[in-house]
Amino acid sequence: MAKTVNKELAKFISDRFNEMMKATELELEVFAAYAKIGYRNFRTYHSRTIRISVETLKKICDAYQITLTDFFNSDQALSINPKVIKHAQEFQIKYVLAKNKLLKDEGDKFVTKPIGSGNKWEREMIKYIVLHTDYFNTSRSIAEMAIDFAKDFEFVLESGRIYELLRKYVGNEIQKIETIRKNKDQTKAKRKIFLYSKLSDNNKRTN
């Protein structure tokens, strides 16, 4: 790729891109994607680092239904068809949603069970179980957790330590609900039990 020689022309082209992005309300990356131009390449054109070819510029103009003559007419502001603007904005919504899903999927894919020992490892293990497993899709008592953690995750903790580590997640990722267990004769037991389960997005605490 050739470096920019005519700095005045490069600035004019970059300013035109800014004008188009302002009209369409598109981010730099989405603006390039809508025209089917690689983001890294477009970024160098926009920053006036690399000279853009006529073919690439025409491809961008065609995507936004602008002629090269209008693009280079410095005496008038660019006018983009409202239908193109609407379509580009709809594209941006889909693009951002798809990108966020991809990032989430990639993040989930590479999360593995922590290995180690000590207090830091215990905190990481609780974080892993709360955020990256479906363990709390079912309500659990701390007594049940102590058994399940040892059996399913090879993670042995006293009940008191589990309670302490879970506190930061209560109200954010998990909920804590008081319940009363029944005796074998179906009478209510005097001892109250707290059950922990995954918290729905609607009920999460907002800061």
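The figures that follow rest on heavy atoms only: side chains count, while hydrogens, waters and symmetry mates do not. The structure presented is a predicted model; accordingly, all values stated were derived computationally and were not measured.
Here the closest heavy-atom approach between residue R140 and residue E144 is recorded as CA-OE1, 3.3 Å. Closest approach of Q92 to E25, counting heavy atoms only: NE2-O, 3.1 Å. Taking all atoms of both residues into account, the shortest heavy-atom contact from F12 to S74 is CE1-CB, 3.7 Å. Annotation for T133 and K198: closest pair O-NZ, 3.6 Å, computed over non-hydrogen atoms. Nearest approach of L26 to A88, heavy atoms of both residues: CD2-O, 3.5 Å. Nearest heavy-atom pair, R16 versus N73, reported as atom, atom and distance to 0.1 Å: NH2-O, 2.5 Å.
Because its NZ or CZ atom is not both nearer than 6.0 Å to the ring centre of Y196 and within 45° of the ring axis, K176 does not count as a cation-pi partner of that residue.
A salt bridge does not link E124 with K127: none of the charged nitrogens is closer than 4.0 Å to a carboxylate oxygen. Salt bridge annotation for E8-K11: absent, with no cationic side-chain nitrogen under 4.0 angstrom from a carboxylate oxygen.
Residue I177 is not grouped with residue I193 when hydrophobic side chains (ILVMFWY) are merged at heavy-atom distances under 4.5 angstrom, including chains of intermediate members. Following chains of ILVMFWY side-chain contacts shorter than 4.5 Å, one can reach L131 starting from F153, so the two form part of one hydrophobic cluster. Residue F194 is not grouped with residue I147 when hydrophobic side chains (ILVMFWY) are merged at heavy-atom distances under 4.5 angstrom, including chains of intermediate members. Using a 4.5 Å cut-off between side-chain heavy atoms of Ile, Leu, Val, Met, Phe, Trp and Tyr, with links allowed through other members, M125 and V156 fall into different hydrophobic clusters. Under the 4.5 Å side-chain heavy-atom criterion for grouping Ile, Leu, Val, Met, Phe, Trp and Tyr, I115 is not connected to I129 through any hydrophobic cluster.
For the pair L28/Y39, a side-chain contact is recorded, criterion being any heavy-atom separation below 4.5 Å from C-beta on. In this structure the side chain of I13 reaches within 4.5 angstrom of the side chain of F71, judged on heavy atoms. For the pair E122/R161, a side-chain contact is recorded, criterion being any heavy-atom separation below 4.5 Å from C-beta on. No side-chain heavy atom of Y45 sits under 4.5 Å from any side-chain heavy atom of R51. You'll find the side chain of E55 stays beyond 4.5 Å of the side chain of K58, heavy atoms only.
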Using the side chain to side chain contact (heavy atoms under 4.5 Å, CB included) rule, take I37 and T56 through it: C-alpha gap first, then chi angles, then the decisive distance, then the call. CA-CA 8 Å; I37 302 295; T56 301; 3.8 Å; yes
Begin from the C-alpha positions of V130 and E173 and carry the test side chain to side chain contact (heavy atoms under 4.5 Å, CB included) through to its verdict. CA-CA 7 Å; V130 171; E173 287 77 23; 3.7 Å; yes
Check against side chain to side chain contact (heavy atoms under 4.5 Å, CB included), Q175 and V170: CA-CA 5 Å; Q175 60 185 341; V170 172; over 6 Å; no
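The aromatic rings of F42 and F17 lie tilted to each other, with the angle between the two planes from 30° to 60°. Relative ring orientation between Y64 and Y34 is described as tilted, the plane-to-plane angle lying within the 30° to 60° band.
A donor-acceptor contact closer than 3.5 angstrom is absent between the side chains of N41 and T44. Side-chain contact check for S47 and T49: at least one donor-acceptor pair (N or O, by modelled atom type) lies under 3.5 Å.
For N6 (side chain) and L9 (main-chain N/O), a donor-acceptor pair under 3.5 Å exists by modelled atom type. Judged by distance alone, with hydrogens and angles left aside, the side-chain atoms of Q89 form a donor-acceptor pair with the main-chain N or O of T24 at under 3.5 Å. Proximity of a side-chain donor or acceptor of S14 to a complementary backbone N or O of H46 within less than 3.5 Å is detected.
Atom CD of E164 is separated from atom CG of L166 by 10.5 Å, given to the nearest 0.5 angstrom. The distance from the OG1 atom of T138 to the CG atom of L195 is 11.0 Å, given to the nearest 0.5 Å. A distance of 4.0 Å separates CD1 in I66 from CD1 in I80, rounded to the nearest 0.5 Å. Between atom CG of residue L78 and atom CD of residue Q76 there is a gap of 7.5 Å, rounded to the nearest 0.5 Å. Residue L68 holds its CG atom at 5.0 Å from SG of C61, rounded to the nearest 0.5 Å. For the atom pair CG (N172) and CZ (R167), the distance works out to 13.5 Å, reported to the nearest 0.5 Å.
Considering E90, E27, E29 as possible partners of Y95, the one that fulfils the side-chain hydrogen bond (donor to acceptor under 3.5 Å, both in side chains) test is E29. Exactly one residue among W121, Y135, Y128 makes a ring-ring contact (aromatic ring centres under 6.0 Å, His included) with F155. That residue is W121.
Within 6.0 Å of CD in E154 there are 12 or fewer heavy atoms belonging to other residues, nucleotides or ligands.
The distance between the ring centers of Y169 and F136 does not fall below 6.0 angstrom.
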